[in-house]
Amino acid sequence: MDAFNEIKNVIIEILDVEEDQILPETYLIRDLGAESIDLLELAVSLNTVFKKEIIDDDIFLRKLRPYTEDAEEVGLEKSAYLAEKYPFLEHARIRDVLGELGGGPVLKVKDLVSYINYERREI
Amino acid sequence: MEKLTINTGLDRFLLLDCISKAGQNSIEGTLFLSDNQFYLGIEALAQLGAMHLRFITDFACHAFLLGIRKCSIQEKFVRNSSLLLSGKLMSRSTSGFLYALNAVSEDKTIIAGEFLFAVIPYDEKFKKECLESHYRKVFSCLKNGS
């Protein structure tokens, strides 16, 4: 089973939502109503399923806004700074994230997939 | 605001009688219950899990119970008995920790559940200068039987 489907199963169990509600583009907080306790449950479950270290701040993009502020403060290009902080996100996704920062929590299911795939890569 | 007094009937908050073993992934302790108060067993398991979490993080952060995922309780509870409590760290992230905790009496599992804990940095509300030394001392006393 690929990472998306495994993550989808974990989300279904924790958030008690229907399978068809979960797509790669689904927002975890905005669309599915995930709360902080749900995200913690999700993190430990992903650790169980994938046996990979889960860094909550990274996988849930928790420091996104402070990072963009930091970049602005020191005059760095935001997308380059975020690419360094979130190496699992593709450049196109970082551009999208920066474009929708004003619209609420940006975390999508596909961000979790990217994190897990990045952690599973062969080094 | 009206003052609300809650009387638990207990003379102490800490329910654990001792911690017999503590390793990186597991912990064991005991609790003596003098009445059919199985709910105190659940609270004791939560205390045991939180104590293990503090131990493995070297008491460097505030640990607390976030929720109980599932918990089964055997209806027929053994009165006036000593419960062997044990916990195993099942999975974790940087701030979430899932434990399987159970209470056994006379070789029978009385309570078994999955408890989710979290850690946060000490702050103004949960002061490092109070909590870190306090829990170090409590852990040491429980472990050394003092």
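Note: hydrogens, waters and symmetry copies are ignored here, and every other heavy atom, side chains too, is used. Because the structure is a prediction, the values reported are computed rather than measured. Per chain, numbering begins at 1; letters A, B, ... match sequence-line order.
Closest heavy-atom contact between A:L40 and B:L66: CD1-CD1, 3.0 Å.
The environment of A:E35 atom CD is sparse: at most 12 non-hydrogen atoms of other residues, nucleotides or ligands sit within 6.0 angstrom. Within a 6.0 Å sphere centred on CG of A:D2, heavy atoms belonging to other residues, nucleotides or ligands number more than 12. Annotation for B:K128: atom NZ does not count as buried by contact number, only 12 or fewer foreign heavy atoms lying within 6.0 Å. Under a cut-off of 6.0 angstrom, the local environment of CD in A:E13 is sparse, with at most 12 non-hydrogen atoms contributed by other residues, nucleotides or ligands. Heavy atoms of other residues, nucleotides or ligands lying less than 6.0 angstrom from CD of A:E100 number more than 12.
Under the 4.5 Å side-chain heavy-atom criterion for ILVMFWY residues, no single connected hydrophobic cluster contains both A:I22 and A:Y27.
Interface residues of residues 84-100 of chain B toward chain A, defined by a heavy-atom distance below 4.5 Å and sorted by number: B:S91, B:R92, B:S93, B:T94, B:S95, B:G96, B:F97, B:L98.
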Compile the donor-acceptor pairs under 3.5 Å between side chains in residues 112-122 of chain B and protein atoms, sequence neighbours left out, one pair per line.
from: B:Y122; atom 1: OH; to: B:F59; atom 2: O; distance (Å): 2.8
from: B:Y122; atom 1: OH; to: B:C61; atom 2: O; distance (Å): 3.4

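For chain B, the nearby part of A:I14 is the side chain; its heavy atoms alone come within less than 4.5 Å.
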